[in-house]
Amino acid sequence: MPKFYITTSIPYVNGPPHIGHALEFVQADAIARWRRAQGDDVFFLTGTDEHGAKIARAAEAAGSDTRTFVDESSQHFRNLVKQLSITPDNMIRTSDKEHHWPGAVEMWKRITERGDMYKGVYKGLYCVGHEAFVTEKDLKDGICEDHGKAPEYIEEENYFFHLSEYAEEVKRQIEEGYLEIIPHTRANEVLAFLSAGVEDISFSRPAKDIPWGIPVPGDSSNTMYVWCDALSNYVSALGFGTSSDERMGTYWPCDIHLVGKDIARFHAVIWPAMLLSAGLPLPKKIFVHGHIHSGGRKMSKTLGNIIDPFSLIKTYGAEAVRYVLLGHVPLFSDADLTPDRIHELYTAHLANGVGNLLSRVSAMCLQYFDGHITRPADVLLASVPFKLDIDVLDARDRDLKVGSVTPEWFIHEKTIPRYQAAWEEYRLDSALQEVMQLFRQLDRYVQDYEPFKLIKTDREQAQAILWSLVSSLHHACRLLPFFLPETALAIAEVLGVPLNETDEIMHKRTVYTITKKEPLFPRVEK
RNA sequence: CGCGGGAUGGAGGAGCAGUACCUCGUCAGGCUCAUAACCUGAAGGCGCCGGUGCAAUUCCGGCUUCCGCAACCA
């Protein structure tokens, strides 16, 4: 059984989860569910990044001790994961001394043993108010705006990682495709960065500056800086550095890291360099998604355009949030979402689309056939094809005979191949759109034949149409569970079929027993 | 000249050399099985200026403009 290891980046818990975190969670979840269905032994990791000066300050501002603060903050992320029906196999916390620290420590030790860690002097502008280093861009006219003071120039002793040593090798691995970065434009960005020359980076901070973190092994005067601390989660979660590290052997190297474009560079440069130094294989793929904007602006508290995933879930349900994020956020570029847009997608595609289609089809089955739809003769099925002004056919299909395009044909020749092709390239949005496309065709199909009229004149043909509709819905719901697990289940329930039956059994099916169910996606008032 | 990515009908997205496609919205018809849902039709578009092509939204150059990143910012 092939293994498949997939990770999300670990959100920093100094604030509440936002829609961007939800995006990465659902993308990873859809991929994990898909790989499981393909028969892979999947390990899906997510977690939270809980160390550092910012957290310590946020805790102080909240008036609680740091431990309590991170316990509470990380719980919000766990809640989000739960509410979105995300299915991780592990949720690592960097403040977990038992499960995470050993891995980070082991990573540090290996890098040190390799001779890639040395003490150096870190120079920078230190803002007393921030209790942290600041950069030029944080300043206005040389003054820290938050505190109205000029930062001090100070030097301090840090551990440095010999990053420059590995720049060439990382570059080579990317160029030769061992470490694949998708989309390509991100790979180009990273390569350009590597070509420009890379300097060694500071890997620690004096413990007095970062009291909340992992002490440097053998030198408690320093605390690990974020790189070794946070990035190590991808191996610590597999037991790296502990006696029970069997999962390292099974799952490492990682098959795909999902990250946002803001941290792509860290994952494509620093992390691979660390792994090379530590003598571990590099991940195979880094998948870089864009950011979500709202109303053309970056989401920010001051603009008041933050989209809160919890309130969306409350209003529209988790399935709807998954739908919007997976189907209507372009995979690799930034997306723009507004509350209006989300409402529109929910109403048009889910309530009026899928939900209503299932209602009308099941209602007809129940009213006309008491819910029992038996498979008609093939010749009868062939007599109710999709009408051929279907603009979703490819150009080369234009000369097809009208009678050949049954819903069955369309699903097998168009929907499924396109759907699978999309998956091959991790085009989650395209794959989901193929399914939605099918639902739209079915709505049109109902109107084209009007089984609600036919039932009065030709009961047999009405049944053939309903059979086509029901079995098409059955196909569609089998393509859905990776994206909308609850919806797929609900549709299967109405159709009276198990979701996990094999293709073979499904194709032999000769009868459906439809039951009634409440609307899948009730209308929501704005 | 720091690096990179965009600019497609009212909105959001595909396409990327040969009648410009989808979703939403708008307008006009139709239908009644359905969650005042569904179907059909119509109006409306490739940022600007050059260049190379028989042909450019699609390739090249410039401009305008938006957005990331610019190393210790998760």
Side-chain angles (χ1 to χ4, degrees), chain A residues 9-15 48-49 51-52 54-55 94 122 124 132-138 158 161 163 183 185-193 195-196 198-205 225-227 229-231 259-267 269-270 290-291 293 296-298 327-330 332-338 340-341 343-345 347-368 387 389 391-392 429-430 433 436-437 440 442-448 450-455 462 466 469 518-524:
Chain A
S9 55
I10 50 175
Y12 198 53
V13 299
N14 63 340
T48 41
D49 180 7
H51 284 143
K54 274 192 187 173
I55 296 270
T94 57
Y122 180 78
F133 283 95
V134 293
T135 55
E136 291 293 347
K137 74 168 182 180
D138 295 325
N158 284 182
F161 169 54
L163 179 64
T185 50
R186 296 293 169 203
N188 293 341
E189 219 170 300
V190 169
L191 288 171
F193 171 71
S195 300
V198 173
E199 287 171 22
D200 292 349
I201 59 170
S202 163
F203 247 45
S204 76
R205 282 295 143 77
Y225 193 59
V226 61
W227 313 120
D229 179 336
L231 289 167
V259 299
K261 63 178 186 178
D262 52 330
I263 56 171
R265 188 176 288 179
F266 311 144
H267 284 75
V269 177
I270 300 174
H291 285 168
H293 294 195
R297 314 287 297 266
K298 207 168 162 174
H328 293 273
V329 170
F332 299 119
S333 44
D334 291 346
D336 197 273
L337 286 181
T338 57
D340 281 352
R341 172 78 178 148
H343 184 85
E344 170 188 308
L345 287 169
T347 304
H349 295 197
L350 298 178
N352 298 352
V354 186
N356 183 239
L357 175 66
L358 186 68
S359 291
R360 67 197 301 217
V361 170
S362 59
M364 285 188 279
C365 291
L366 287 160
Q367 282 173 40
Y368 310 147
K387 307 276 186 181
D389 55 324
D391 46 21
V392 295
D429 49 349
S430 308
Q433 287 316 312
M436 298 309 286
Q437 164 95 281
R440 257 177 260 123
L442 296 177
D443 254 333
R444 171 186 241 177
Y445 186 72
V446 173
Q447 195 61 37
D448 281 347
E450 303 182 310
F452 42 86
K453 279 186 187 166
L454 255 185
I455 189 66
L466 286 175
L469 284 164
E518 291 307 298
L520 277 187
F521 298 102
R523 306 185 70 73
V524 171

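Protein chains get the first letters and strands the later ones, always in sequence-line order, with residue 1 at the start of each.
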Taking any heavy-atom pair under 4.0 Å as a contact, classify A:Val198: base, sugar-phosphate, or nothing. base
Is the glycosidic torsion of B:G61 within 90° of 0, making it syn, or is it anti? anti
Would you tell me if any nitrogen or oxygen in the side chain of A:Arg341 comes within less than 4.0 Å of OP1 or OP2 on B:A11? no
Rounding to an integer number of angstrom, what distance separates B:C48 and B:G6 when you compare their C1' atoms? 16 Å
Between C1' on B:A11 and NE2 on A:His349, what's the gap in Å once rounded to a whole number? 13 Å
For RNA chain B, whose closest nucleotide is more 5', that of A:Ala351 or that of A:Val13? A:Ala351
Rounding to an integer number of angstrom, what distance separates B:A37 and B:G4 when you compare their P atoms? 49 Å
Heavy-atom pair of closest approach, residues A:Met436 and A:His349: CE-O, 3.7 Å
Distance, rounded to the nearest Å, where A:Asp229 contributes CG and B:C72 contributes C1': 14 Å
Round to the nearest Å and state the distance from A:Phe452 atom CZ to B:A34 atom P. 10 Å
Within the structure, does a side-chain N or O atom of A:Gln433 lie under 4.0 Å from either OP1 or OP2 of B:G13? no
Could you check whether A:His328 and A:Asp429, counting side-chain N and O atoms only, form a donor-acceptor pair closer than 3.5 Å? no
Base, sugar-phosphate, or nothing: which does A:Leu345 touch, judged by heavy atoms less than 4.0 Å apart? nothing
To the nearest angstrom, the CD-C1' distance between A:Gln447 and B:C39 comes to 4 Å
Nearest-angstrom distance, C1' atom, B:G13 to B:C69: 25 Å
Nearest 0.5 Å, please: how far is CG in A:Leu231 from CD1 in A:Ile10? 7.5 Å
Could you please name the option among B:C33, B:U35, B:U32 that lies closest to any side-chain atom of A:Lys453? B:U32
Classify A:Arg440 by what it touches in the nucleic acid, base, sugar-phosphate, or nothing, heavy-atom distance under 4.0 Å. sugar-phosphate
Between B:A56 and B:U19 - P atom distance, rounded Å: 12 Å
If each of A:Tyr225 and A:Glu344 is mapped to the nucleotide of RNA chain B with the nearest heavy atom, which maps nearer the 5' terminus, i.e. the 5' end? A:Glu344
Mind calculating the distance between NE2 (A:His343) and P (B:U23) to the nearest angstrom? 19 Å
Interatomic distance at C1', B:C54 relative to B:A42, whole Å: 34 Å
Apply ring pair (Phe, Tyr, Trp, His ring centres under 6.0 Å) to the pair A:Phe266 and A:Trp227, showing each step before the final yes or no. CA-CA 8 Å; A:Phe266 311 144; A:Trp227 313 120; 4.8 Å; yes
Indicate, with a heavy-atom threshold strictly under 4.0 Å, whether A:Asn188 touches base, sugar-phosphate, or nothing. nothing
If you measure from the P atom in B:G25 to the same atom in B:G68, how many Å do you get, rounded? 30 Å
Expressed as a whole number of angstroms, how long is the span from A:Phe203:CZ to B:A71:P? 17 Å
What interatomic distance, in whole Å, is found between C1' of B:G5 and the corresponding atom of B:A43? 34 Å
Among the candidates B:C39, B:C33, B:G68, find the nucleotide nearest to the side-chain atoms of A:Lys261. B:G68
Expressed in whole Å, how much space separates the C1' atoms belonging to B:U65 and B:A71? 28 Å
Between C1' of B:G68 and CZ of A:Phe193, the distance in whole Å: 15 Å
Using side-chain contact (heavy atoms from CB on, under 4.5 Å) as the criterion, point out the one residue from A:Arg265, A:His267, A:Arg186 that pairs with A:Val259. A:His267
When rounded to whole Å, the CZ to P distance for the pair A:Arg265 and B:G4 reads 12 Å
Is there a donor-acceptor pair under 3.5 Å between the side chain of A:Ser362 and the backbone N or O of A:Ser359? yes
